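On a predicted model such as this, the values are computed, not experimentally measured, just so you know. Throughout, protein chains are lettered first and strands after them, A, B, ... in sequence-line order, and every chain is numbered starting at 1.
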Protein chains: 2
Amino acid sequence: MNIVVQKYGGTSVGSPEKIKNVARKVIQKKQEGYQVVVIVSAMGDSTDRLMKLAHEISEYPNSRELDVLLTTGEQVSIALLAMAIWDLGEPAISFTGSQLNIQTTAIHQKARILDMNVDKIHQELSKNKIVVVAGFQGVGKDQEFTTLGRGGSDTSAVALAAKLRASCEIYTDVDGIYTMDPRKLKKAKKIDQITSEEMMEMASLGAGVLHHRSVELAHKYRVPLYVASAFDPVTGTRIISGGSGELEESVVTGMTSSHSDIQVTLMYLPASMKSLRRIFDEMAQKEINVDMISQMKVDKNRMHVSFTVPKEDAHYAKVMMESWKMEDDLIQWEINEDIVKMSIVGLGMRSHSGVAGKVFDLLAQADIEIKMITTSEINLSWVIDAKEEEKAIELIGEGFELTNCHA
Amino acid sequence: MNIVVQKYGGTSVGSPEKIKNVARKVIQKKQEGYQVVVIVSAMGDSTDRLMKLAHEISEYPNSRELDVLLTTGEQVSIALLAMAIWDLGEPAISFTGSQLNIQTTAIHQKARILDMNVDKIHQELSKNKIVVVAGFQGVGKDQEFTTLGRGGSDTSAVALAAKLRASCEIYTDVDGIYTMDPRKLKKAKKIDQITSEEMMEMASLGAGVLHHRSVELAHKYRVPLYVASAFDPVTGTRIISGGSGELEESVVTGMTSSHSDIQVTLMYLPASMKSLRRIFDEMAQKEINVDMISQMKVDKNRMHVSFTVPKEDAHYAKVMMESWKMEDDLIQWEINEDIVKMSIVGLGMRSHSGVAGKVFDLLAQADIEIKMITTSEINLSWVIDAKEEEKAIELIGEGFELTNCHA
């Protein structure tokens, strides 16, 4: 019999009524002939409430004990969901990360799954039970409780599906993956099917529905993913590993825009590989993640270099640039915080040339200046002034047919 | 170094402020030169809140899953208390029942402790840490979560103290054991020292401070107990195992009164051992616990029998009596729900005669009729009309010097 792993996030189990709704959906899947394993997050804002309690006790709560505290959130959800399933007449059994021995690294609040024992799950499935598993948690050595950090429950679900050779359905508060965040582009289209490669790019570029760790894991272990609404029965988005997605239909599958970076520019640097290398070595030592880079020669001896770094590292970047300027009077620097990084993603970009040219053309229509641009095999990213974001999204959305014109 | 097990109940850890207060008390004990193990209950009303959630999901929540749910309550407390101790600069580590492998029977909500592994505790104590342990919980086989039922955290504390050969301090919302519940007898005296035998009688007769399971365990394993207030620094009550208590000072150590029983009377029963035996066999089959019994012959052939049963079994008792009456027209029955069972307890009663006579004399002063009376080695119990309770408590309290005349 086929096994399906379903995952329901915190909003989907935010109240007793919602938990009963999840129980009905889970039972329906079983009645369709599947063996069902369900991963749940903590109810609604319960993780926030536990964090608040911890901070009322201590400004810097002990990180081991914080995980002892936080793991109770999912334990409450799994118990309640299993009760709700029993109450509807189907047998169910819940397991914590510790009971399943979901082994992780020992880094509290940021643990990574190493392995897990699925024998117990197979045993219970063969007894006709629906198995309910706590997401977001595992155990380090000596049964120490650990939590997985952001996107943790999605990662738990995909890891479990990989281990069970099952498909994985992620139910959330949106009804699928869109060509662009619908809050930013009202006419964005829902994507019926996307490849995991494209989805990885989208997720790492800031598309919020799935955490990139879970998409990477699904890609690596070829776990078929499906993202849909926990409340609305409309069809969601299928994420397929390998294959061609909708290659024949469109060149560009989706678009993202992100405000998480700033642009740093160093002017009149000595024009040598040595000075370039030094910049990025020093950034790496401070663990500052440099993303886009552009470089322009001014004359035989000097050049300008521009790059983006995460907003939270702005202070370090300034200190570093000030020290270079002190060594060399000619050097000047500036930082631009009002930028937005936009990206388009699509497997079709591998075989279609002219995508960058089309982006230039479209933005030129509104006199939008591109400050930096980079390209990889399946994505094209550029930086523009933040104030031009809305217009740019509209132009690119329409130009690459990412909108639903008849909506 | 001496080990002390301290236990703090739900009220004592009911808020972040109260948890910090407990952290200070625990650290103080450590600074006095002890190795400290702390058992905590769930915060304030959190067990009630979890029960309410469960009942919003299901009228009859699955009992295995109910324990998965309920055990989160203490897990929250241990994490927060360990954080609070760290925050005050002392190292601490928390353990759930599952992490310590506190093995219990498999009966959910009513499990009994079988054994536990204290190696982990010794290891952490030897690293200079304060060890914080979740009360009320353990694991059945296959790491199934279990809870211990009423008085569970006290039992956890005493069992742990027995295993660690430690003494045990129970901190609660009253400041010790009184000769009589001070809500019922304002001038009740605090008892400085009481034997575990006397305390067992008091607890099983309804003195609410300690659950009788924990007192029995302390008696069995000769664990010295101390009961005191978690908030008020006044001296509490010492419960010593073996020894003589305050034998030389007073005959009667304490008094209890309880409204949990009703009196059942069967009249004009055939006067034979056979009919008596039948009553109590049938009661036993229904698991109805018959407590006090009195019997009086009416004539050569007929007798009256009176006994007490728990209030919650009143319905069954009525059904049973009705069926006897149907078999034998002569039989009549009545039930009296407005009774109170009062008891006095004291090791001194072993060697002092005349205690029953003194009780008769004292109650006669106010024309209080004794409906039933029973006596064991160290306790004397009697039943009177509920409306005479207050007066009787006062007379017996004064008569046996259970009051604090100079208070």
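For B:Ala23, no part lies near chain A; criterion is any non-hydrogen pair under 4.5 Å. Both the backbone and the side chain of A:Ile57 come within contact range of chain B, judged by heavy atoms closer than 4.5 Å. For a residue to count as touching a neighbouring chain, one of its non-hydrogen atoms must lie under 4.5 Å from one of that chain's; by this rule B:Leu69 touches chain A with backbone and side chain alike. Contact of B:Phe95 with chain A is made through the side chain alone, with heavy-atom distances under 4.5 Å.
Looking only at heavy-atom pairs under 4.5 Å with chain B, the residue among A:Leu66, A:Ile78, A:Ile93 that has the most is A:Ile93.
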Could you list each N or O donor-acceptor pair linking chain A to chain B at a distance under 3.5 Å?
residue  : atom : partner  : partner atom : Å
A:Lys20  : NZ   : B:Glu56  : O            : 3.1
A:Glu56  : O    : B:Lys20  : NZ           : 3.1
A:Ser58  : OG   : B:Asp87  : OD1          : 2.7
A:Arg64  : NH1  : B:Ser94  : O            : 3.1
A:Arg64  : NH1  : B:Ser94  : OG           : 3.4
A:Arg64  : NH2  : B:Ser94  : O            : 3.0
A:Glu65  : OE1  : B:Ser94  : OG           : 2.5
A:Glu65  : OE2  : B:Ser94  : N            : 3.0
A:Val68  : O    : B:Gln75  : NE2          : 2.9
A:Thr71  : OG1  : B:Gln75  : NE2          : 3.1
A:Gln75  : NE2  : B:Val68  : O            : 3.0
A:Gln75  : NE2  : B:Thr71  : OG1          : 3.1
A:Asp87  : OD1  : B:Ser58  : OG           : 2.7
A:Ser94  : N    : B:Glu65  : OE2          : 3.1
A:Ser94  : O    : B:Arg64  : NH1          : 3.1
A:Ser94  : O    : B:Arg64  : NH2          : 3.0
A:Ser94  : OG   : B:Arg64  : NH1          : 3.4
A:Ser94  : OG   : B:Glu65  : OE1          : 2.6
A:Gln99  : NE2  : B:Gln143 : O            : 2.9
A:Gln143 : O    : B:Gln99  : NE2          : 3.0

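Distance check: A:Leu80 CG to B:Leu53 CG gives 5.5 Å after rounding to the nearest 0.5 Å.
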